[in-house]
Amino acid sequence: MFILANRSMKLLTRQEEILLLAIWRLQKNAYGMAIREHVARVTGRTWSFGAIYAPLNRLLKKELVAAFAGEPTPKRGGRRKIFYELTPDGKRALIEIQKVNEAIWAGIPALSPAR
């Protein structure tokens with residue numbers, strides 16, 4: 001049976017997990033709109049700006065992500081994109097939640113869609 005290795009680490013919410021995975025997937029292209037578009041594509045749901053930016057700010061406060069400004073671009077009226085990247089703690093949190101998910105799903109019979 002799986003037991004959390006790091007009991008002091010709080011588990012991620014599903015929303016945090018999805019956003020961290022999006023950031024990890026997008027790598028150097030992980031900025032707000034790209035994250036929002038990726039999450040919408042993989043979940044099949046439109047996420048409001050608040051559903052993206054509020055948890056991103058929480059992840060920043062928890063130091064699971066870091067943010068940095070890109071170069072200003074004429075296309076954006078001279079504004080800078082804010083890019084996000086996982087911190088070492090963010091990577092550890094994803095590894096931990098992956099282990100939890102694997103343990104929870106281990107041995108579960110295959111599910112079939114309800115009729």
Side-chain angles (χ1 to χ4, degrees):
M1 175 174 201
F2 172 79
I3 298 174
L4 276 177
N6 186 350
R7 293 183 186 272
S8 65
M9 182 178 285
K10 288 188 175 187
L11 291 178
L12 297 171
T13 67
R14 188 68 171 146
Q15 187 179 38
E16 291 170 337
E17 178 185 4
I18 289 169
L19 290 174
L20 289 176
L21 285 168
I23 292 166
W24 184 246
R25 167 86 56 195
L26 293 168
Q27 293 289 312
K28 301 279 186 218
N29 198 37
Y31 64 95
M33 283 301 296
I35 294 167
R36 184 174 183 244
E37 290 168 1
H38 175 76
V39 167
R41 197 169 40 257
V42 298
T43 64
R45 293 185 164 81
T46 301
W47 288 42
S48 70
F49 290 104
I52 298 294
Y53 289 104
L56 280 175
N57 285 330
R58 285 193 302 274
L59 291 168
L60 280 166
K61 287 180 184 173
K62 292 179 179 182
E63 299 181 349
L64 299 179
V65 298
F68 59 94
E71 294 298 318
T73 62
K75 183 177 179 182
R76 296 177 43 84
R79 294 179 312 175
R80 300 170 184 264
K81 289 179 183 175
I82 304 300
F83 291 90
Y84 298 88
E85 64 184 6
L86 298 184
T87 63
D89 283 346
K91 290 177 186 176
R92 279 191 287 277
L94 273 178
I95 291 167
E96 201 70 25
I97 200 69
Q98 181 182 31
K99 289 177 185 177
V100 169
N101 283 328
E102 289 170 355
I104 289 170
W105 281 95
I108 298 291
L111 296 170
S112 60
R115 294 182 194 194

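The figures here come from the full heavy-atom set of this structure, side chains too, leaving out hydrogens, waters and symmetry mates.
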Open item on the list: Once rounded to the nearest 0.5 Å, what's the spacing between atom CG of Leu20 and atom CG of Leu94?
Closed with: 4.5 Å
Task: Shared hydrophobic cluster for Met33 and Leu21 (ILVMFWY, side-chain gaps under 4.5 Å) - done: yes
Open item on the list: Within this structure, what is the CD1-CD1 distance for the pair Ile35 and Ile18, rounded to the nearest 0.5 Å?
Closed with: 13.0 Å
Check residues 54-71 and write down every donor-acceptor pair under 3.5 Å in which the side-chain atom is one partner and the other belongs to a residue at least two apart or another chain.
{"unit_1": "Asn57", "atom_1": "ND2", "unit_2": "Tyr53", "atom_2": "O", "d": "3.3"}
{"unit_1": "Lys62", "atom_1": "NZ", "unit_2": "Glu16", "atom_2": "OE2", "d": "2.6"}

Task: Sequence neighbours excluded, every pair satisfying salt bridge (charged side-chain N to carboxylate O under 4.0 Å, His left out) that has a member inside residues 31-54 - done: none
Open item on the list: Filter on ring-ring contact (aromatic ring centres under 6.0 Å, His included), then keep only pairs touching residues 11-44, sequence neighbours left out; what's left?
Closed with: Tyr31-Phe83
Task: Val39 to Ala22 - nearest heavy-atom pair and separation - done: CG2-CB, 3.8 Å
Open item on the list: So, taking the atom named CD in Glu85 and the one named CD in Gln27, what distance separates them when rounded to the nearest 0.5 Å?
Closed with: 9.0 Å
Task: CZ/Arg25: more than 12 non-hydrogen atoms of other groups inside 6.0 Å - done: no
- [ ] Go through the structure and list residues passing side chain to side chain donor-acceptor pair (under 3.5 Å) with Thr43, not counting sequence neighbours.
- [x] Trp47
Open item on the list: Nearest 0.5 Å, please: how far is CZ in Arg92 from OG1 in Thr87?
Closed with: 7.5 Å
- [ ] State which residues pass salt bridge (charged side-chain N to carboxylate O under 4.0 Å, His left out) with Arg14; sequence neighbours excluded, sorted by chain then number.
- [x] Glu17
Open item on the list: Are Ile97 and Val42 connected into the same hydrophobic cluster when the rule is that any two of I, L, V, M, F, W, Y join if their side-chain heavy atoms are below 4.5 Å apart?
Closed with: no
Open item on the list: If I take atom CG from residue Leu19 and atom CD1 from residue Ile52, how far apart are they, to the nearest 0.5 angstrom?
Closed with: 5.0 Å
- [ ] Any chance you could measure Asn29, atom CG, to Ile23, atom CD1, to the nearest 0.5 Å?
- [x] 12.0 Å
